[in-house]
Amino acid sequence: MEYNVYLLATDPNNPCRDVIHSRDTELKIRVYCLNSDSFVPNPNEIQLFGYANGKLYAFETIDISAEDALDVVGAIQWYADYIDYPQMEILPEDPRPGQSVAM
């Protein structure tokens with residue numbers, strides 16, 4: 001079984017603004033810490049959410065292609081391991097009250 005290799009680009013001015021890159025595909029996912037970042041979902045992208053270490057994260061793809069869509073969850077699971085929270089539950093909807101889902 002093949003495993004994708006992921007890389008992380010970090011913003012030195014914002015420790016909560018990471019971008020996950022797949023080494024082997026075009027997949028890119030922007031990470032938002034919803035406790036401190038504002039987030040407006042892009043209706044053309046995939047958004048998933050997860051809680052880790054008391055923070056709510058939003059994960060949004062960047063220019064997603066159909067062939068990369070199946071790797072999104074694996075990339076988020078990799079990120080959860082990276083931040084030492086492998087038990088992160090990945091949620092399909094924004095769990096904050098009053099938030100709507102971009103479809």
Side-chain angles (χ1 to χ4, degrees):
M1 178 176 194
E2 286 188 35
Y3 293 96
N4 287 333
V5 174
Y6 299 103
L7 308 169
L8 192 65
T10 59
D11 182 342
N13 298 319
N14 186 345
C16 206
R17 187 63 62 87
D18 295 330
V19 177
I20 305 165
H21 293 260
S22 171
R23 183 188 71 179
D24 304 314
T25 68
E26 298 297 315
L27 178 65
K28 289 181 273 197
I29 300 171
R30 187 168 286 119
V31 181
Y32 297 89
C33 292
L34 297 183
N35 297 26
S36 59
D37 285 342
S38 62
F39 175 65
V40 177
N42 179 336
N44 298 317
E45 300 294 339
I46 297 170
Q47 297 86 29
L48 295 171
F49 301 86
Y51 284 103
N53 299 319
K55 295 180 184 175
L56 176 60
Y57 292 87
F59 301 92
E60 183 174 67
T61 58
I62 302 170
D63 298 326
I64 189 72
S65 64
E67 57 268 9
D68 291 336
L70 294 176
D71 295 330
V72 172
V73 171
I76 295 170
Q77 288 171 329
W78 173 87
Y79 186 80
D81 285 340
Y82 174 81
I83 62 171
D84 293 324
Y85 206 84
Q87 67 271 31
M88 177 191 288
E89 181 181 1
I90 299 170
L91 307 169
E93 297 179 6
D94 190 338
R96 298 175 295 171
Q99 298 298 315
S100 60
V101 179
M103 297 248 182

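Residues: numbered from 1 along the sequence shown. Side chains included, hydrogens not; waters and symmetry mates left out as well; all remaining heavy atoms used.
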Interatomic distance, [X] atom [atom1] to [Y] atom [atom2] [nearest 0.5 angstrom]:
X: D71; Y: I20; atom1: CG; atom2: CD1; answer: 12.0 Å
X: N42; Y: T61; atom1: CG; atom2: OG1; answer: 7.5 Å
X: R96; Y: L56; atom1: CZ; atom2: CG; answer: 6.5 Å
X: I46; Y: L48; atom1: CD1; atom2: CG; answer: 7.0 Å
X: H21; Y: N4; atom1: NE2; atom2: CG; answer: 14.5 Å
X: K28; Y: L7; atom1: NZ; atom2: CG; answer: 12.5 Å

Taking [Y] as the starting point, is it possible to reach [X] by hopping between hydrophobic residues whose side chains are less than 4.5 Å apart?
X: L8; Y: I90; value: yes
X: V31; Y: Y85; value: yes
X: V19; Y: I83; value: no

Closer than 3.5 angstrom, by distance alone: can the side chain of N35 be matched with the main-chain N or O of G54 as a donor-acceptor pair?
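At least one qualifying donor-acceptor pair exists.
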Check the angle between the aromatic planes of F59 and Y79 and answer parallel, tilted or perpendicular using the 30° and 60° thresholds.
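It falls in the perpendicular class, over 60°.
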Could you check whether the rings of F39 and Y32 sit parallel, tilted or perpendicular, using 30° and 60° as the cut-offs?
tilted
Verify side chain to side chain contact (heavy atoms under 4.5 Å, CB included) between I76 and Y57, making sure each step is shown before the conclusion.
CA-CA 10 Å; I76 295 170; Y57 292 87; over 6 Å; no
Which pair of non-hydrogen atoms, one from Q47 and one from P41, has the smallest distance, and what is that distance?
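Scanning both residues, the minimum pair turns out to be CD-CB, 3.8 Å.
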Take E45 and D63 through the test side chain to side chain contact (heavy atoms under 4.5 Å, CB included) and record every step on the way to the result.
CA-CA 7 Å; E45 300 294 339; D63 298 326; 4.1 Å; yes
For R30, does the CZ atom sit with more than 12 other heavy atoms under 6.0 Å from it, leaving out its own atoms?
no
Show your working on side chain to side chain contact (heavy atoms under 4.5 Å, CB included) between Q77 and M88 and close with a plain yes or no.
CA-CA 8 Å; Q77 288 171 329; M88 177 191 288; over 6 Å; no
Verify side chain to side chain contact (heavy atoms under 4.5 Å, CB included) between V72 and I64, making sure each step is shown before the conclusion.
CA-CA 9 Å; V72 172; I64 189 72; 4.2 Å; yes
Determine whether R17 and D37 make a side-chain contact, defined as any pair of heavy atoms from C-beta on separated by less than 4.5 Å.
yes
